[in-house]
Amino acid sequence: MTVREALGKAIETLTLKRFEEAALEAELLLRHLLGFSRVELHLRLEDSLSAEQTQELDQLIQRRLGHEPIAYITGHREFFGLDFHISCDTLVPRPETELLVEKALELAGNRTLLAIADVGTGCGAIAVALAVHLPQAEVYAVDISAAALEVAAFNCERHQVANRVHLLRGDLLQPFACPGLDLVLANLPYVNDREMGELSDEVRLFEPAPALSGRPDGLRQIGRLLAQVEDKLRPGGAVLLEISPGQRAAVVDLAGRYFPGAAVKVLPDLSGDDRVVVIET
Ligand SMILES: C[S@@+](CC[C@H](N)C(=O)[O-])C[C@H]1O[C@@H](n2cnc3c(N)ncnc32)[C@H](O)[C@@H]1O
C-alpha cells in the first residue's frame, strides 16, 4: 500500500465514524508513524508502506476510534509555537491557555529581573513558553504530580531552558518560603462535579482527573491559591488565573476579598468566553 492509499483509507475510516477532523487527524497519524514533516508526507505519497507499518497504522487508527486524543497517541502537542512532549500523566495544553502566556509577556514588559511561578505546570507548557520568551526571568514550575514534573523536565531540556525553569513538587505555593514572586500564573483544575460527569469521552477517559477536577464547585484549588498568594508576591506583583467562563463572578469576588486594593480584569479568549482573571496589585 502506498502512503497516498493509506492516507485515503485512514480518512475514510475516521469519516465513517464521524470524526469531524478526519483528514487532519489521518495526516497526523501517518506523519507520526513515518516520522515525516507535513511537507515530506506530501512529497512522499507514492512511497510504499511495509506490512509492519500498515499494521501499526491500523493500531493507531483503532486507538483514535476508541476516542484517545491525537496528542496522546502521537505524544506531543504544539503550544505557543513550541512543540511539547505530553503523556497520559499530563493535561493536553489547550489553545485558550496561550492567553495566560500572552498577558504575562505583556506584564513582564522590559523589566530586567523577574521571578515567575507557574502553579500546576503539567507538561510545563506555560513555564517553558515564558522562559523561552523572557531570557531575563527565573521561572518556578510547581506541580503536585511527580509524573507530570518528569514530562516537564523533558520539555525544559528540549527547549534549552532547564537552567532557568526550576521544577518543584508540592501543593500550590507551599514550596515557596517567603515573598519574592513578581508574577504568579495558574491554570489549575477548575471543572466542577456536575461538569466532570458531562465531559467528552476524549477528556473523561484519557486526561488525568486530578488535572481537571476543582471539586466540588470547580474553585477549590483557585480559592486555596488566592488564600496563599498574598504572602508570596512582591509589592506590585500580579496574579493570572485561567477560569471557566461561569466562574467569573466568583473569582472576581475572591480576588477582591484577598486583594482589596488591586485592579482586577477579566480577559476573553478567542471565542469571546471569559478566560483569564488578571489581578494587578
Ligand atoms: C489543568 S492542568 C494544567 C496543566 C498545564 N499548566 C496546562 O495549562 O496545560 C492542572 C495541573 O495542576 C496540577 N495540580 C492539581 N492540584 C495541584 C496542587 N494542589 N498543587 C500543585 N499542582 C496541582 C495537576 O497535577 C495538573 O498538572
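In what follows, residues are counted from 1 in the order of the sequence shown. Both ligands and their constituent atoms are indexed starting at 1 by order of listing.
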Quiz item: Judged by non-hydrogen atoms, does Ala125 sit under 4.0 Å from ligand 1?
Solution: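 No, that is not the case, since the closest heavy atom of the residue is not under 4.0 Å from the ligand.
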Practice problem: Would you check whether Gly170 reaches within less than 4.0 Å of ligand 1, judged by its heavy atoms? | Solution: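 For ligand 1, residue contact (heavy atoms, under 4.0 Å) with Gly170 is present.
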Quiz item: Any idea which of Val92, Ile144, Leu149 brings a heavy atom closest to atom 22 (N) of ligand 1?
Solution: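 Looking at heavy atoms only, the winner is Ile144.
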Practice problem: From atom 27 (O) of ligand 1, work out which of Val191, Asp143, Val151, Asp89 has a heavy atom at the shortest distance. | Solution: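 Closest candidate by heavy-atom distance is Asp143.
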Closest approach of any protein heavy atom to [atom], naming residue and atom:
atom	value
atom 20 (N) of ligand 1	Leu172 N, 2.9 Å
atom 1 (C) of ligand 1	Ala211 O, 2.9 Å
atom 9 (O) of ligand 1	Pro93 CA, 3.6 Å

Atoms in ligand 1 with a heavy atom of [X] nearer than 4.0 Å:
X	value
Gly120	3 (C), 4 (C), 5 (C), 6 (N), 11 (C), 12 (O), 13 (C), 22 (N)
Thr97	8 (O)
Pro210	15 (C)

Below 4.0 Å, non-hydrogen atoms only: which portion of [X] touches ligand 1? Side chain, backbone, both or neither.
X	answer
Cys123	neither
Asp171	both
Gln221	side chain
Thr121	backbone
Asn187	both

Practice problem: State whether the number of non-hydrogen atoms from other residues, nucleotides or ligands found under 6.0 Å of Glu21 atom CD is greater than 12. | Solution: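 Atom CD in Glu21 is not packed in, count stays at 12 or less.
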Under a 4.0 Å N-O cut-off, is there an ion pair linking [X] with [Y]?
X	Y	result
Lys103	Glu98	no
Glu207	Arg94	yes
Asp58	Lys9	yes
Arg158	Asp83	yes
Glu68	Arg63	yes

Practice problem: Return yes if a side-chain donor-acceptor contact under 3.5 Å exists between Tyr190 and Glu242, otherwise no. | Solution: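 Their side chains do contain a donor-acceptor pair, which is all the 3.5 Å distance test asks for.
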Quiz item: So, His42 versus Phe36, ring centres under 6.0 angstrom or not?
Solution: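 No; Phe36 has its ring centre 6.0 Å or more from that of His42.
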Self-check item: Centroid-centroid distance, Phe19 to His67, less than 6.0 Å
Solution: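 Yes, close enough.
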Quiz prompt | Closest approach of Tyr72 to Pro208 (non-hydrogen atoms, all atoms of both residues) | solution =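 Closest approach of Tyr72 to Pro208, heavy atoms only: OH-CD, 3.7 Å.
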